[in-house]
Number of protein chains: 2
Amino acid sequence: MSVEQLVTAALALADEQGLAAVTTRALAEKVGISAMSVYTYVPGKPELLDLMVDAVYLAMPRPSWRSRSWRTRLTRVAESNRDLLRAHPWLTEVAALSRPPLGPGVMAKYEHELAAYDGTGLGDVDTDAALSYLLGFVQAHCRAAHDAARASTDSAVSDADWWAANQPILARAFDPETYPRAVRIGSAAGQAQGSAWDADRAWRFGLARTLDGLAALIDRPPAPRGG
Amino acid sequence: MSVEQLVTAALALADEQGLAAVTTRALAEKVGISAMSVYTYVPGKPELLDLMVDAVYLAMPRPSWRSRSWRTRLTRVAESNRDLLRAHPWLTEVAALSRPPLGPGVMAKYEHELAAYDGTGLGDVDTDAALSYLLGFVQAHCRAAHDAARASTDSAVSDADWWAANQPILARAFDPETYPRAVRIGSAAGQAQGSAWDADRAWRFGLARTLDGLAALIDRPPAPRGG
DNA sequence: TCATACATTGTACAGTGTACAACGTACGGA
DNA sequence: TCCGTACGTTGTACACTGTACAATGTATGA
């Protein structure tokens, strides 16, 4: 038995059955030891979670940044983080931005993603802030997407059905005179997307906005010809 | 006893001692009934949380949108949501974007914040997406800020001390040759902010980027003089 | 006065993380 | 070869969670 095997087993549990399935007893049974023996290898549950985070970070692909355009590079950063959070939805419940577990995985991920900002002309502090900002968007999006998916799965009624079923009730309960925009825009958005929230559309919208926001910092404002 | 009193008591517990302190037994004791009597007024814990969310939304201030500038209006939307999440940090652990609890508080908040987009020229679907995007940023920021604050509080060692103490160890463990950017930018950011993560700075940075990103959609690209 | 309905309650169960003490065993020194 | 020590492993136990269930009180309408 080793720490690595424990972490691998814990990852399998979390990926397959969610973070709540990662219990001391379940993990112990999966690797064939008693519950308390887990504490031989790991001081406690928080440390186990730290190790899980560092492990999945370490396993991320790190392609070289060959593209000249910073937008392309940052898009790849965002997409690879989205892929990661899709594969391990429990990350959004665990990953902390401040005081991250300073393991090799965290460091390697940080270094690689900072490198995507090479050539943007940003200073050190701004680069760090810009990366945090980008990752914050990805995390917020994936958390929302995960919540939405879980809501659809748990209740066995699809998002579209739920929306269709509730819409008439809502229309009656909340008359358009007190909530004109909410009723109009809410049903417009719901109808356009076939649900109350469309993950792909939100992703494209949010990523475009995020990159445009960074562009205002990176591609200097076009001081027209004489600045 | 009434549902309102229960929700009020639950809010007090959550605000003062965190969401984990909102247990059936603690809530029951606070209002002077038995644990199981809680189920007379509320079907279960999830419904209680929904009611708590709707209650704090309903209590938010809703000033009229007199400002002409959409940037000013959206800034106010962001700030009032930040204030809300500061006063009730547990909201970041509960509030779901999809399928929100459709109570009067949620509706009133939605309506009021949609109104801030009046005059931006955005269509219904884009308005909804833009609002979700803005609120997503605020929520991500406040979650990070809350995590950072909790890390400082829990461990009794201030963020600056922790950073100062770990920095030499990190410098030795992770040599600048394998992680050049991470070491340089990480310590630069840490030094500049006196900690690994500065909430105010991140807020100003993130809000500016978010508004700039929306500006690219709202203030049409300046087709220079002949569009 | 009585039947009915309902608010309230204590008990109980299956879980959680982990403190504690007991146990088996492997290993260094005589 | 024998033994003391150290350590990996384990079962039990505790305080805690949400809530199902059955029993108890109590208020109200006939």
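Proteins get letters first, then strands, A, B, ... in listed order; numbering begins at 1 in each.
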Could you pull out the protein-nucleic contacts involving nucleotides 21-27 of chain C (nitrogen or oxygen on both sides, under 3.5 Å)?
none

Distance check needed: [N] [atom2] versus [X] [atom1], whole Å only.
{"X": "B:Gln17", "N": "D:dC16", "atom1": "CD", "atom2": "P", "result": "13 Å"}
{"X": "A:Leu19", "N": "C:dG17", "atom1": "CG", "atom2": "C1'", "result": "14 Å"}
{"X": "A:Glu29", "N": "C:dG17", "atom1": "CD", "atom2": "P", "result": "14 Å"}

Have B:Ser37 and B:Ser34 got a donor and an acceptor in their side chains that come within less than 3.5 Å?
yes
Flag if over 12 foreign heavy atoms under 6.0 Å of CD, B:Glu29
no
Would the number of heavy atoms belonging to other residues, nucleotides or ligands and lying under 6.0 Å from CD of A:Glu93 be above 12?
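Yes, because the 6.0 Å sphere around CD of A:Glu93 holds more than 12 heavy atoms from other groups.
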On the side chain of A:Arg25, is there an atom forming a donor-acceptor pair with the base of C:dG15 - under 3.5 Å, no angle test?
no
Heavy-atom donor-acceptor pair, B:His112 side chain to B:Pro63 backbone, under 3.5 Å:
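Here the side-chain-to-backbone pair exists.
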Pairs touching residues 105-115 of chain A that satisfy salt bridge (charged side-chain N to carboxylate O under 4.0 Å, His left out), sequence neighbours left out:
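As it turns out, the salt bridge (charged side-chain N to carboxylate O under 4.0 Å, His left out) pairs with a partner in residues 105-115 of chain A, which skip direct neighbours, are A:Lys109-A:Glu113, A:Glu111-B:Arg181.
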Within residues 32-53 of chain A, find the residues that approach DNA chain D with a heavy atom at under 4.0 Å, and present them sorted by residue number.
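Per residue number, the list reads A:Ile33, A:Ser34, A:Met36, A:Ser37, A:Thr40, A:Tyr41.
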Of all heavy-atom pairs linking B:Val125 and A:Ala188, the shortest is CG2-O, 4.2 Å
Are B:Arg209 and B:Phe205 in a cation-pi setup, meaning NZ or CZ lies under 6.0 angstrom from the ring centre and within 45 degrees of the ring axis?
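Yes, cation above the ring, under 6.0 Å and within 45°.
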For B:Thr23, report the nucleic acid contact type (base, sugar-phosphate, nothing); a contact means any heavy atom under 4.0 Å.
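If one applies the 4.0 Å heavy-atom cut-off, B:Thr23 turns out to touch the sugar-phosphate alone, with no base involved.
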Please confirm whether the ring centroid of B:His146 lies under 6.0 Å from the ring centroid of B:Trp90.
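No; B:Trp90 has its ring centre 6.0 Å or more from that of B:His146.
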